[in-house]
There are 2 protein chains.
Amino acid sequence: MVTLKDIAAEAGVSIMTVSNVINGNHSKVSKKTIEKIEKIIQKYNYVPNLTARSLTAKSSKIIGVIVPIKGSFNNLFKDPYISELFGIIQNVVRENGYYLMVRSVKDVSDISALLKNWNMDGAIFLMPDYDNLIYSILKENKLPMVFLDSYSKIDNIISVGINDYKGGYIATRYLINNGHRKILFAGPCHKDGVPIPQIIKRLEGYKDALLESNIEFNESLIVDVEPNYEVGINLGRSICNKEFDVTAVFTTADIMGIGIIEGAKLNGKIVPNDLSVIGFDNLLPSVYVTPKLTTISQDIESKATKAVNLLIEYIEKGSVSNNKITLDVELVERQSVGQLSNLK
Amino acid sequence: MVTLKDIAAEAGVSIMTVSNVINGNHSKVSKKTIEKIEKIIQKYNYVPNLTARSLTAKSSKIIGVIVPIKGSFNNLFKDPYISELFGIIQNVVRENGYYLMVRSVKDVSDISALLKNWNMDGAIFLMPDYDNLIYSILKENKLPMVFLDSYSKIDNIISVGINDYKGGYIATRYLINNGHRKILFAGPCHKDGVPIPQIIKRLEGYKDALLESNIEFNESLIVDVEPNYEVGINLGRSICNKEFDVTAVFTTADIMGIGIIEGAKLNGKIVPNDLSVIGFDNLLPSVYVTPKLTTISQDIESKATKAVNLLIEYIEKGSVSNNKITLDVELVERQSVGQLSNLK
DNA sequence: CTGAAAGCGCTTACAG
DNA sequence: CTGAAAGCGCTTACAG
């Protein structure tokens, strides 16, 4: 392996002159020397050892992406939302000259160990699963961090999220506008007994839309389940079996919406003729299914880009112009919602 | 930040005694000292600085995952195949005590820089896009590497792939068994003018299956296209517009199969009644589409696991029991292929 | 069982 | 414009 020392020896200069050239401190070195050194660097394809650099420099140039270890769902990247988000984060991190280390972790001590181990410059938490742990995370780790979709009450944490309330509201509003009054809400309101704020917000939007139209809120129409395809299928079947007296479903994940459509189909019912379904996220599969899923879209690209930019701003400037970004959501009309009048 | 030095000072021992305790060289330290030191380590939640360690130890514990920068498709992780594969790799890397750095790169010098920058212990190349560059990659970088789906002719590189030939063969065989004799082959046989061996192998399987049934191979039934949803839609339309005289399509990617189904639908034709389609990969969306896509499945979990295990075996033992693993593929019968007799 | 010394490949003040 | 020295936080022989 070629080191600074080798380059310096061959150029007949000191190590730190080479270091200055590499770091672009060209004002400190004569043109002649610069050229000579650059030639040698090229000749050997020299690149600096960044583990050595991060030992002396204040910065490691490593950004950590933290994802939870899920018991039931051991490969989080199967989730198209996560993988799309991650892919963009990767791109933006690279374009800014940083390096990306990913790791799934199970608790705060895992997180702290990881961040300290590599002396990371910053970290992005992809999911809000750690919201109740943020206090201890912040206490143990003094580095720039961005939390996605967090509703943590802790002040001045940096977070990028979406307008979940509005998402719940416009989805429900849309169903009501199509004549529906008996609307099921299906999503993971709680996880391991603790509420998931993001989903609760969507639920609030749902409730307010009902209220506005003088539709009484009915607790029994809230189905608190983990959102996946299989659960969706079962739910779709249950609905068709009249276990719920509803004409429409708002579900907090496209994948579950796709499952509901399938479950209904398995029981001989057709969406949107017999049942309307609206999803959330606007992931690619929502276009593949028949009928194409009407859904609430969030701008994942923007979310990922802003998260990284915010983090890097904080890393490099020590402060951030705006520590709380809430992105807009919008309704994407497709084919899975029907007019209730057509139902009868 | 707490360092070895701090721990040593508080324990009243030398730095290297603490180092021995941390590294589990317990034979070299007295029980008393071990206990004392471990208590202090716990007290401060000390974890070693791995950038420092990797400077002295022969090992950095970093494994690189290399993905290509695609011009047209800037977020590779939108591809469910890549993201599922990646997620499993991440898990297995972590479970083995290594750390994962991902990066998209555009050429050999990018790759070499990355690997040298971090003094990586090993690297996994997720896609065979670099096959024609492997020689120069190997020349510039002397570290353990695993190439997925490579058909490089270079001996003794470590690779994990699937039986592409068989995949092409059984897919085509299945269509023939269902009475089809005019079968389109759609996939990216070439990229930027150079053949993609993986797809060529599937094409060979296709040809041999035809040959076996005395069906003449027809060059004009090979559609050499990038496999994505939009291309699939256009292809589906073209087929229904009689631009190709076929009754079935074998496509090398599920996503394109899903597009073909959609394209046919847009032109008023129904799969499998009017056209049969078979895909490749058995990704989740193949179940979401209507009709559910019949496809060739590969075991992504096994692929990812073997790739990491092989890499780590090589890193830790300096050699590998088997440097070329080819995984089996199988047909997954669903609903997108019909009997030709039913077509008329 | 314990430790002093050297060194990994860099950068950061500082002196000239 | 150039360089000698110290140090980042570890590990590796080696000596006792």
Side-chain angles (χ1 to χ4, degrees), chain A residues 1-38 40-41 44-62 99 113-121 143, chain B residues 1-38 40-41 44-62 99 113-121 143:
Chain A
M1 192 189 200
V2 181
T3 68
L4 267 196
K5 207 170 151 188
D6 303 322
I7 307 285
E10 180 147 342
V13 299
S14 75
I15 282 180
M16 64 145 303
T17 297
V18 181
S19 174
N20 277 328
V21 172
I22 284 162
N23 291 305
N25 299 331
H26 285 187
S27 62
K28 296 188 178 172
V29 191
S30 75
K31 233 181 182 164
K32 245 189 198 165
T33 316
I34 292 177
E35 278 168 12
K36 182 166 50 168
I37 291 175
E38 275 176 347
I40 302 176
I41 287 174
Y44 292 107
N45 284 322
Y46 169 79
V47 293
N49 179 330
L50 297 185
T51 66
R53 182 180 282 173
S54 75
L55 204 53
T56 43
K58 49 268 138 223
S59 156
S60 67
K61 289 290 174 185
I62 301 178
Y99 296 83
L114 177 66
L115 300 177
K116 288 192 219 161
N117 274 152
W118 293 102
N119 189 24
M120 292 196 178
D121 280 0
L143 77 168
Chain B
M1 191 191 201
V2 182
T3 68
L4 267 195
K5 207 170 152 188
D6 303 322
I7 307 286
E10 181 148 341
V13 298
S14 75
I15 282 180
M16 62 145 306
T17 296
V18 180
S19 173
N20 277 328
V21 172
I22 283 162
N23 291 303
N25 299 330
H26 285 187
S27 62
K28 295 188 178 172
V29 190
S30 75
K31 232 176 181 169
K32 245 188 197 164
T33 315
I34 292 177
E35 278 167 11
K36 184 167 51 171
I37 291 174
E38 276 176 345
I40 302 175
I41 288 174
Y44 290 108
N45 283 324
Y46 168 79
V47 293
N49 179 329
L50 297 185
T51 66
R53 182 180 283 174
S54 75
L55 205 52
T56 44
K58 49 271 135 222
S59 157
S60 68
K61 289 287 174 187
I62 301 178
Y99 295 84
L114 177 66
L115 300 177
K116 287 191 219 161
N117 273 153
W118 294 101
N119 189 24
M120 291 198 178
D121 281 358
L143 77 167

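The sequence lines fix the lettering, A, B, ..., with proteins before strands; numbering per chain opens at 1.
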Just checking, is any N or O donor in the side chain of [X] or [Y] under 3.5 Å from an acceptor N or O on the other one?
X: B:S59; Y: B:D121; result: yes
X: A:N117; Y: B:Y99; result: yes
X: B:T51; Y: B:S54; result: no

Pairwise side-chain contact, [X] with [Y], heavy-atom cut-off 4.5 Å (strictly under):
X: B:T33; Y: B:V21; answer: no
X: B:K5; Y: B:V18; answer: no
X: A:L114; Y: B:V47; answer: no
X: B:I37; Y: B:I41; answer: yes
X: A:D6; Y: A:Y46; answer: no

Over how many whole Å does the gap from [X] atom [atom1] to [N] atom [atom2] extend?
X: A:N20; N: C:dT12; atom1: CG; atom2: P; value: 9 Å
X: A:I34; N: D:dC1; atom1: CD1; atom2: C1'; value: 10 Å
X: B:I22; N: D:dT12; atom1: CD1; atom2: C1'; value: 15 Å
X: A:M16; N: D:dA5; atom1: CE; atom2: P; value: 14 Å

Find every protein N or O atom lying less than 3.5 Å from an N or O atom of nucleotides 6-10 of chain D, and list the pairs.
from   : atom 1 : to    : atom 2 : distance (Å)
D:dG9  : N2     : B:A52 : O      : 3.4
D:dC10 : OP1    : B:Y46 : OH     : 2.6
D:dC10 : OP1    : B:N49 : N      : 3.3
D:dC10 : OP2    : B:L4  : N      : 2.8
D:dC10 : O5'    : B:Y46 : OH     : 3.3

>> Can you tell me which nucleotide in D:dT2, C:dT12, C:dT2 comes closest to the side chain of A:K58?
In response: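 Within the option list, the nearest is C:dT12.
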
> If you look at every strand shown and take non-hydrogen atoms under 4.0 Å, does A:S54 touch a base, only sugar-phosphate, or nothing?
Replying inline: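 If one applies the 4.0 Å heavy-atom cut-off, A:S54 turns out to touch nothing in the nucleic acid.
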
>> Is there a side-chain contact between A:S30 and the phosphate of D:dT2, meaning an N or O under 4.0 Å from OP1 or OP2?
In response: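 For D:dT2, OP1 or OP2 has a side-chain N or O of A:S30 closer than 4.0 Å.
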
> So what is the 5' to 3' dot-bracket string for DNA chain C, if pairs are Watson-Crick or G-U wobble with both distances under 3.5 Å, crossing pairs use [ ] and | means the partner sits on another strand?
Replying inline: |||.||||||||.|||

